[in-house]
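These notes are about the structure you will find just below.
One is the number of the first residue; the rest follow in order along the sequence. When a ligand or atom number is given, it counts from 1 through the structure's own listing order.
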Amino acid sequence: MDKLAIVVPCYNEEEVLKIASKALRDVLDDLIQKGKISKDSFILFVNDGSKDRTWELIEEEHEAYPDKVCGVKLAGNVGHQFALTAGLMTAKDMSDVTVSIDADLQDDVNVIEEMIDKFHSGCDIVYGVRRERKTDTFFKRTSAQMFYKLMSLMGVKTIYNHADFRLMSRRAVEEFSKYKETNLFLRGMMPLIGYQTDSVYYDRKERVAGESKYPLKKMLALAFNGISSFSVKPISLILGLGLFIIFASAVALVYALVSYCTGHVVPGWTSLILSIWFLGGLQLLAIGMVGQYIGKIYMEVKQRPRYNIEKILSSGEIFTKGEIFTKGEK
Ligand code: UDP
Ligand code: MG
């Protein structure tokens, strides 16, 4: 039977912690009773340097339910993406499958069962996808939609309307741990892992209590980080613009010469305007070229895994999940 770890990053969540713990314990009990996960499955709260009583509450929950509720205390606030990664890395060696979810219960805990079912039918990553954004403000909804559009324009593969509510098998988390980059944008990294994936759909609710820990500033930073960590397209755009302006300078040349010949110009204008167009284009082109190399260096220094082998078939043996089986065993 598979051991489930539910990973919950928490930053100043004292109002919701007990409610979240209860709701998630109920989900665990239900799944254990249905025989879908093992009895020693657990919740892992990650305290992301909270300034309120969050950690004390996690300790209390752990004391009351020592084998159901576990906790990780980070030494300071590192942000949602890092806190979640810390949780996944801790849970990876203690469980067979993880589900990450926010502490505010905006994501529907009832679809965790469906996620587990999909895991049992062979999926390694199951994305929780919001069906509608009725409860979000108009601003949050449109800005989020623009963000997903921009991401796909920039060539970054993300799952539309999926945040960080997802199931990951142990081997998916293990593969993820090979991504050593410090600029984390988990939603963009998961599709790089490969394996069979699927989605479950749910309606996003309001926060049960407390306030959003993602003000506009943090949201914009996440969006910028998402694009700049995955795409060097902005550099190519500069290169393209440089080429375009060089081309435009040819048109300007014709226009300036015609104006010169018809005699409607002050002395010096023709040479000046041509230099401005041509040199401007040349400079952009040069910056774009240098940028192409910087973009390549950027991708190299990330040292991302170049591939992820799922299975090897070879003389009577099957290599899978890092283990070797003899044919017929698996
Ligand atoms: N969070 C965190 N560290 C931070 C900010 C947020 O661990 O620096 C956690 C927070 O406790 C919550 C999750 O990340 O569990 C998502 O935050 P929130 O619900 O405030 O974001 P929103 O749903 O408004 O986008
Ligand atoms: Mg939230």
[X]: numbered ligand 1 atoms lying under 4.0 Å from its heavy atoms:
X: A103; result: 15 (O)
X: P9; result: 7 (O), 9 (C), 10 (C), 11 (O), 12 (C), 15 (O)
X: S212; result: 20 (O), 21 (O), 22 (P), 24 (O)
X: K218; result: 4 (C), 5 (C), 8 (O)
X: C10; result: 7 (O), 11 (O)

Students should be able to answer this: which protein heavy-atom is nearest to [atom], and at what distance?
atom: atom 1 (N) of ligand 1; answer: Y11 CB, 3.7 Å
atom: atom 25 (O) of ligand 1; answer: K140 NZ, 3.1 Å
atom: atom 14 (O) of ligand 1; answer: H80 CD2, 3.2 Å
atom: atom 19 (O) of ligand 1; answer: D104 OD2, 2.5 Å
atom: atom 20 (O) of ligand 1; answer: K213 N, 2.4 Å
atom: atom 17 (O) of ligand 1; answer: Y214 CD1, 3.8 Å

Taking transitive links into account, so neighbours of neighbours count too, which hydrophobic residues share a cluster with Y298 at under 4.5 Å side-chain distance? V232, I235, M299

Using a 4.5 Å cut-off between side-chain heavy atoms of Ile, Leu, Val, Met, Phe, Trp and Tyr, which other residues end up in the same hydrophobic cluster as I297? V301

To atom 7 (O) of ligand 1, the nearest of D48, L17, N47 on a heavy-atom basis is D48

From atom 18 (P) of ligand 1, work out which of M219, R207, R204, E13 has a heavy atom at the shortest distance. R207

Flag yes if L74 and L186 sit in one hydrophobic cluster, no otherwise; membership is Ile, Leu, Val, Met, Phe, Trp, Tyr, and two members link when side-chain heavy atoms are under 4.5 Å apart. yes

Among the clusters formed by ILVMFWY side chains lying less than 4.5 Å apart, do Y65 and V46 turn up in the same one? no

As a quick check of understanding, evaluate side-chain hydrogen bond (donor to acceptor under 3.5 Å, both in side chains) for K302 and Y179, giving each step before the final call. CA-CA 8 Å; K302 281 183 191 289; Y179 287 72; over 6 Å; no

Does the N or O separation between D102 and ligand 1 drop below 3.5 Å for any pair? no

May I have the step-by-step check of side-chain hydrogen bond (donor to acceptor under 3.5 Å, both in side chains) for S169 and D124, ending in yes or no? CA-CA 5 Å; S169 69; D124 277 273; 2.5 Å; yes

Sequence-distant partners of Q106, side-chain hydrogen bond (donor to acceptor under 3.5 Å, both in side chains), two or more places apart: R204

Step by step, would you call D203 with R131 a salt bridge (Lys or Arg N to Asp or Glu O under 4.0 Å)? CA-CA 5 Å; D203 292 317; R131 214 179 272 125; 3.4 Å; yes

Step-by-step side-chain hydrogen bond (donor to acceptor under 3.5 Å, both in side chains) determination, Y202 to D107: CA-CA 8 Å; Y202 66 97; D107 307 314; 2.8 Å; yes

Would you say N308's side chain and I193's backbone share a donor-acceptor pair under 3.5 angstrom? yes

Determine whether the side chain, the backbone, both or neither of N77 has a heavy atom under 4.0 Å from any heavy atom of ligand 1. side chain

What lies under 2.8 Å from the Mg ion (ligand 2), restricted to protein N/O/S atoms, is D104 OD2, Q106 OE1

Is there a donor-acceptor contact under 3.5 Å linking the side chains of E61 and S21? yes

Under 3.5 Å, is there a donor on one side chain and an acceptor on the other for D164 and Q81? yes

With R304 as the cation and F230 as the aromatic partner, state whether NZ or CZ is under 6.0 Å from the six-membered ring centre and within 45° of the axis. yes

